[in-house]
S.K.: 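Here's a structure for you.
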Amino acid sequence: MNDLQCEFQQAAEDVQGLDKRPDNDTLLKLYALYKQGSEGDIRDAQPGFFDFIGTAKHEAWAQLRGVSREEAMRRYIALVHQLLA
């Protein structure tokens with residue numbers, strides 16, 4: 001595992017220890033960046049119309065289509081560090 005992946009994994013662990021729950025927009029950013037960084041571009045079908053949370057997550061991740069996994073990892077790490085500051 002390279003340094004970026006180690007930092008990414010550490011940030012994923014660190015975010016669990018936040019004192020305060022982030023707002024929903026920030027949670028969606030964290031989710032999307034984590035998924036893009038760990039899996040790459042979204043390949044799943046969009047959830048059903050009445051699955052509001054699933055749809056929001058899907059759309060947030062889909063907006064990152066084309067962003068490299070490494071760039072998504074860097075953005076995720078930066079966001080987690082910002083939240084921890």
Side-chain angles (χ1 to χ4, degrees):
M1 195 180 293
N2 67 33
D3 289 343
L4 181 60
Q5 289 173 323
C6 288
E7 247 189 290
F8 181 69
Q9 291 298 340
Q10 185 61 52
E13 291 174 21
D14 291 347
V15 78
Q16 300 298 319
L18 290 173
D19 293 334
K20 183 180 169 193
R21 183 181 187 273
D23 62 74
N24 289 339
D25 287 340
T26 303
L27 287 173
L28 280 174
K29 286 179 193 173
L30 285 167
Y31 172 83
L33 288 169
Y34 181 83
K35 295 296 273 185
Q36 187 72 14
S38 60
E39 297 182 29
D41 287 344
I42 191 168
R43 294 176 297 279
D44 299 335
Q46 187 163 352
F49 179 75
F50 292 106
D51 182 358
F52 302 115
I53 294 171
T55 298
K57 287 179 172 183
H58 184 275
E59 289 174 359
W61 186 5
Q63 288 177 355
L64 294 175
R65 185 174 276 124
V67 174
S68 72
R69 290 179 68 185
E70 292 78 15
E71 178 61 24
M73 286 183 193
R74 286 186 195 93
R75 291 182 192 179
Y76 181 83
I77 292 165
L79 181 55
V80 170
H81 287 210
Q82 179 183 346
L83 292 171
L84 291 170

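Below, each value reflects all heavy atoms present in this structure, side chains not excepted, and no hydrogens, waters or symmetry copies. If you're wondering where the values come from, they're calculated on a predicted model, not measured in any experiment.
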S.K.: Any idea which heavy atoms bring V15 and A12 closest together, and the distance?
M.R.: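 The answer is CG1-O, 3.2 Å.
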S.K.: Same cluster or not: are I77 and L28 linked, directly or through other Ile, Leu, Val, Met, Phe, Trp or Tyr residues, by side-chain heavy atoms under 4.5 angstrom apart?
M.R.: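 Result: no, two separate clusters.
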S.K.: Is the shortest side-chain N to carboxylate O distance from R74 to E70 below 4.0 Å?
M.R.: no
S.K.: What is the distance from atom CE of M73 to atom CD of Q9, rounded to the nearest 0.5 Å?
M.R.: 8.0 Å
S.K.: Could you please spell out the steps behind the side-chain contact (heavy atoms from CB on, under 4.5 Å) verdict for R21 and L27?
M.R.: CA-CA 9 Å; R21 183 181 187 273; L27 287 173; 3.2 Å; yes
S.K.: Please check this pair: side chain of Q36 against backbone of A72, looking for a donor-acceptor N/O pair closer than 3.5 Å.
M.R.: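 Here the side-chain-to-backbone pair does not exist.
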S.K.: Mind jotting down which residue pairs meet the salt bridge (charged side-chain N to carboxylate O under 4.0 Å, His left out) criterion with at least one end in residues 41-59? Sequence neighbours excluded, please.
M.R.: none
S.K.: Hydrophobic clusters join Ile, Leu, Val, Met, Phe, Trp and Tyr when side-chain heavy atoms are under 4.5 Å apart, directly or via other members; which others share one with I53?
M.R.: none
S.K.: Only pairs at least two apart or in different chains count here, so list each salt bridge (charged side-chain N to carboxylate O under 4.0 Å, His left out) that has a residue in residues 8-19.
M.R.: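 Of all non-adjacent pairs touching residues 8-19, none passes salt bridge (charged side-chain N to carboxylate O under 4.0 Å, His left out).
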S.K.: Under 4.5 Å between side-chain heavy atoms, counting indirect links through other Ile/Leu/Val/Met/Phe/Trp/Tyr residues: same cluster for L83 and Y76 or not?
M.R.: yes
S.K.: Enter the distance from F8:CZ to R75:CZ here, rounded to the nearest 0.5 Å.
M.R.: 13.0 Å
S.K.: To the nearest 0.5 Å, what is the distance between CG (N2) and CD (Q5)?
M.R.: 4.0 Å
S.K.: Is the W61 ring parallel, tilted or perpendicular to the Y31 ring (thresholds 30°, 60°)?
M.R.: perpendicular
S.K.: Which value, rounded to the nearest 0.5 Å, describes the distance between L33 atom CG and K29 atom NZ?
M.R.: 9.0 Å
S.K.: Work out which heavy atom in S38 is nearest to a heavy atom in R69; give both atom names and the distance.
M.R.: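 Smallest interatomic distance, heavy atoms only, reads O-NH2, 2.5 Å.
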S.K.: Could you go step by step and tell me if Q46 and T55 meet the side-chain contact (heavy atoms from CB on, under 4.5 Å) rule?
M.R.: CA-CA 7 Å; Q46 187 163 352; T55 298; 3.5 Å; yes
